[in-house]
Amino acid sequence: MNRIIEITDFLAPELDVYARLSEVQLLNREFPEKGLFIAESPKVIERALDGGYEPVSFLMEKKHIEDEGKHILARTKDVPVFCAEFDVLTQLTGFKLTRGMLCAMRRKRLPTVKEICENKSRIVILDKVMNPTNVGAIIRSAAALGMDAVLLTPGCSDPLYRRAARVSMGTVFQIEWTFLPDDSLDEIKSMEFKTVAMALKDNSLSISDQRLIAEKKLAVVMGTEGDGLSDKTIYECDFTVKIPMYHGVDSLNVAAASAVAFYQLAHKQNKQED
């Protein structure tokens with residue numbers, strides 16, 4: 001049985017993780033293996049549990065104990081469940097933005113880049129994509145459209161940040177990902193990946209170019225919001241590719257562009273293999 005604990009003291013230290021600690025504090029950069037993250041909504045929490053993440057505690061509306069949360073709580077024995085009515089919970093920072101249920105979970109050891117890339121043919125590299133909404137949306141597209149893994153440079157938002165995980169609809173727990181130790185592409189190239197810079201350059205290949213489809217191992221590199229990829233990164237990539245634009249539109253949001261790129265470069269590859 002779970003321990004149901006009705007909230008009577010908003011300053012209880014057990015609630016700090018939900019109300020008073022920032023995402024960066026939860027991450028615990030000094031000791032990542034001791035870090036936590038917050039999973040929000042029953043769907044995201046369930047996918048995190050399916051991915052092997054360990055719950056520390058729950059925070060939820062009373063009504064969901066025997067409603068949306070019942071099935072999840074049945075999977076997690078002896079985990080504290082902090083609860084109250086919705087009007088009371090809205091006094092806790094941010095709770096009114098949720099779908100009635102939060103779960104504090106332990107982070108897992110991140111795999112190495114080599115572990116991630118082994119036996120993969122299509123990977124994504126995000127270079128300084130700082131907006132957690134975009135990171136979550138890109139990961140969702142990568143999972144849905146046939147990419148094998150996602151790598152992030154140190155400047156990227158963490159995929160386990162609450163908003164990123166929520167926007168991804170929990171797919172951050174379904175597709176492999178990890179952080180690159182730096183911005184270099186050398187390690188990726190050493191594993192025989194051809195690198196594809198997504199950039200609005202005149203000397204680019206079309207995204208439908210058959211040379212891209214024919215490559216056995218592709219790493220699709222996408223840059224930060226606004227500025228895109230640096231000239232240095234573009235120069236270091238094997239190919240530069242752009243998505244054709246019409247009606248005077250000069251660019252797409254990086255998350256929208258990712259869906260187009262993944263559909264073309266991953267989906268078509270899978271179709272050839274079928």
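Ionic pairing of Glu115 and Arg109 is present here: one or more N-O contacts between side-chain nitrogen and carboxylate oxygen are shorter than 4.0 angstrom. Taking the charged nitrogens against the carboxylate oxygens, Glu192 and Lys216 have no contact shorter than 4.0 Å, which rules out a salt bridge. For Asp148 and Lys217, the salt-bridge test fails: no basic side-chain N is under 4.0 Å from an acidic carboxylate O. Between Lys128 and Asp183, at least one side-chain N (NZ, or NE/NH1/NH2) sits under 4.0 Å from a carboxylate O, which counts as a salt bridge. A salt bridge links Asp158 with Arg107; the closest basic N to acidic carboxylate O contact falls under 4.0 Å. Comment: Glu236 engages Lys232 in a salt bridge, judged by a side-chain N to carboxylate O separation of less than 4.0 angstrom. Salt bridge absent: Lys63 and Glu68 never bring a charged side-chain N and a carboxylate O closer than 4.0 Å. Between Asp231 and Lys201 a salt bridge is recorded (basic side-chain N to carboxylate O distance below 4.0 Å).
The closest donor-acceptor contact from the side chain of Ser141 to the backbone of Ile138 lies at 3.5 Å or more, if one exists at all. Side-chain N or O atoms of Gln264 include none that pairs as donor or acceptor with a backbone N or O of Ala261 at under 3.5 Å. When atom types are taken as modelled, the side chain of Trp177 and the backbone of Leu152 share no donor-acceptor pair closer than 3.5 angstrom. A donor-acceptor pair under 3.5 Å is formed between the side chain of Ser22 and the backbone N or O of Gln25. Judged by distance alone, with hydrogens and angles left aside, the side-chain atoms of Thr178 form no donor-acceptor pair with the main-chain N or O of Val113 at under 3.5 Å. Between the side chain of Asp127 and the backbone N or O of Met222, no donor-acceptor pair lies under 3.5 Å. No donor-acceptor pair under 3.5 Å is formed between the side chain of Lys120 and the backbone N or O of Met147. Here the side chain of Thr171 pairs no donor or acceptor atom with the backbone of Gln174 at under 3.5 angstrom.
For the pairing with Leu229, the side chain to side chain contact (heavy atoms under 4.5 Å, CB included) check across Thr240, Leu200, Ile125, Ile234 returns one residue only, Ile234.
Aromatic ring centres of Tyr53 and Phe173: separated by under 6.0 Å. Here Tyr18 and Phe82 keep their ring centres 6.0 angstrom or further from each other.
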Inset, instruction - Take Ile45 and Met101, measure what side chain to side chain contact (heavy atoms under 4.5 Å, CB included) needs, and give me the verdict at the end. - result: CA-CA 9 Å; Ile45 293 169; Met101 190 173 188; 3.7 Å; yes

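Taking the centre and axis of the six-membered ring of Phe239, the NZ or CZ atom of Lys194 falls outside the cone set by 45° and 6.0 Å.
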